[in-house]
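All remarks here apply to the structure that follows.
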2 protein chains.
Amino acid sequence: MIDTQDKCHSSVEELLAEKNQRYTTHRKSIVRVLFELSKPASLSEILAVASQRSINLPISTAYRNLAILEDCGVVRRLIASEDLGLYELAEALTGNHHHHLICEQCGDVNDLSSNSNLERALSRAAEMVMDQIDFQVTGHRIDLTGICSNCNKVDSA
Amino acid sequence: MIDTQDKCHSSVEELLAEKNQRYTTHRKSIVRVLFELSKPASLSEILAVASQRSINLPISTAYRNLAILEDCGVVRRLIASEDLGLYELAEALTGNHHHHLICEQCGDVNDLSSNSNLERALSRAAEMVMDQIDFQVTGHRIDLTGICSNCNKVDSA
DNA sequence: TTTAGTAATGAGAACTATTCTCATTATATG
DNA sequence: CATATAATGAGAATAGTTCTCATTACTAAA
Ligand SMILES: [Mn+2]
Ligand SMILES: [Mn+2]
Ligand SMILES: [Zn+2]
Ligand SMILES: [Zn+2]
């Protein structure tokens, strides 16, 4: 499990090299932002953080690089929000298998580390599926939905 | 658990009535298509089936009615496909709690009934979340991802 | 059965996140 | 340095979805 940003960057560099991609300044900025946020972020959030640091990151470049990073296994694009792509560092990169907490009110998404209980129940379910119907399970996605602490405060106020 | 289409329609009628919505012909057509497909369908799939039955269902009307049906708890809009909304009858209506099998190759989505093992592991995970962080879990979503039977055939051919 | 009043419809415009295009710029390599 | 290739960035294009608004269909009261 990658814990320092330096290790992260060198791993990314390798992953990109495997596909003959350069680890450019823009791409480093994106990875740095995602590493530091350590939660799924939309494109505009990524741009906002970059902007705070006086990094000019054009929209088209950001999208293109996120797609390339995804293709190289550095970034994962989540399907969690109704109408917005959310990006995070890929599990293959961080070594941190996890699921997500999604607030139904504000749409905020946060990581949630898994537990062996759950993972065991899931593998059993996957085995049953592969036995009973002809579907080859290779992964899973779990979201717990509800109301986040922020929205809870606002509601009770 | 609703098993016949008649029961389904009368439940829908009640749900709509609660919000002073009429159960129009278009809305019935949509519910009928979703009931019979019994798998998540995109707007164009819904329109295609309707069209086969010589039902003219304009795009804007279909979208509007799907949104209203969702608001009344009749329809659920899934977040499963990258760039397409998928619709199915809501669990509250059918009484059939289930998860989804998603083919990573062709994007096809199918229902998968859950099992008590998995649901128990999930409730425990939800309790831990509510204990440890201030997030109120009210639901969950599980997708098993992999390769469907169709894509498996094509690949090995 | 009229008659308002309200809800639903449908064609097309508008919106918006994302992707594409292509001319320019940066980088790597011999 | 010279050349080839990759990356960039501004803006156009795309596409799923929502919005607008004039028309039509219901509903419920008179
Ligand atoms: Mn997981
Ligand atoms: Mn479930
Ligand atoms: Zn929230
Ligand atoms: Zn498939």
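In what follows, every heavy atom counts, from backbone to side chain, and hydrogens, waters and symmetry copies are set aside. First the proteins, then the strands, lettered A, B, ... as listed; each starts at 1. Here the structure is a predicted model, which is why all the values come from computation and not from measurement.
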**Any A:T24 side-chain nitrogen or oxygen under 4.0 Å from OP1 or OP2 of D:dT8** = yes
**Complete:** In whole angstroms, the gap separating C1' of D:dT23 from CZ of B:R64 amounts to 12 Å
**Request:** Measure the distance from OH on A:Y63 to P on D:dA15 and round it to the nearest whole Å.
**Result:** 16 Å
**Message:** Rounded to whole Å, please give me the gap between CD1 in B:I79 and P in C:dA17.
**Reply:** 15 Å
**Prompt:** Does B:R76 pair with B:E91 as a salt bridge, N-O distance under 4.0 Å?
**Reply:** yes
**Message:** Strictly below 4.0 Å: does B:N65 bring a side-chain N or O up to OP1 or OP2 of C:dT9?
**Reply:** yes
**Message:** Heavy atoms only, 4.0 Å cut-off, all strands: where does B:N20 land among base, sugar-phosphate and nothing?
**Reply:** nothing
**Asked** DNA chain C: B:R22 or A:A67, which has the more 5' nearest nucleotide?
**Response** B:R22
**Prompt:** Can you name the closest pair of heavy atoms from A:L93 and A:I2 and give their distance?
**Reply:** O-CD1, 3.2 Å
**Message:** Rounded to whole Å, how long is the line connecting atom CG of B:L84 with atom P of C:dT18?
**Reply:** 14 Å
**Request:** Kindly determine whether B:K39 and B:D111 satisfy salt bridge (Lys or Arg N to Asp or Glu O under 4.0 Å), including the steps that lead there.
**Result:** CA-CA 6 Å; B:K39 92 193 267 295; B:D111 287 352; over 6 Å; no
**Rounded distance (Å) that lies between atom P of D:dA7 and atom NZ of A:K19** = 13 Å
**Message:** Strictly below 4.0 Å, N to O, side chains only: are A:R53 and A:E36 in salt-bridge contact?
**Reply:** yes
**Message:** Nearest whole Å is fine: how far is C:dA8 P from B:L69 CG?
**Reply:** 11 Å
**Message:** Rounded to whole Å, please give me the gap between CG in B:L43 and C1' in D:dT18.
**Reply:** 12 Å
**Aromatic ring proximity, centroids under 6.0 angstrom, B:H140 and A:H99** = no
**A:R27 side-chain proximity, nearest of D:dT8, C:dT18, D:dT17** = D:dT8
**Item:** Whole-Å gap separating P (C:dA7) and NE2 (B:H26)
**Value:** 18 Å
**Request:** Identify, residue by residue, the members of residues 45-61 of chain A with a heavy atom below 4.0 Å from DNA chain D, and return them in order of residue number, or none.
**Result:** A:P58, A:S60, A:T61
**Message:** Side chains of B:H26 and B:L57, heavy atoms from C-beta outward: is any pair under 4.5 Å?
**Reply:** yes
**Complete:** For A:V109, the hydrophobic cluster (side chain heavy atoms closer than 4.5 Å, chained through members) also holds A:L78, A:L86, A:I102
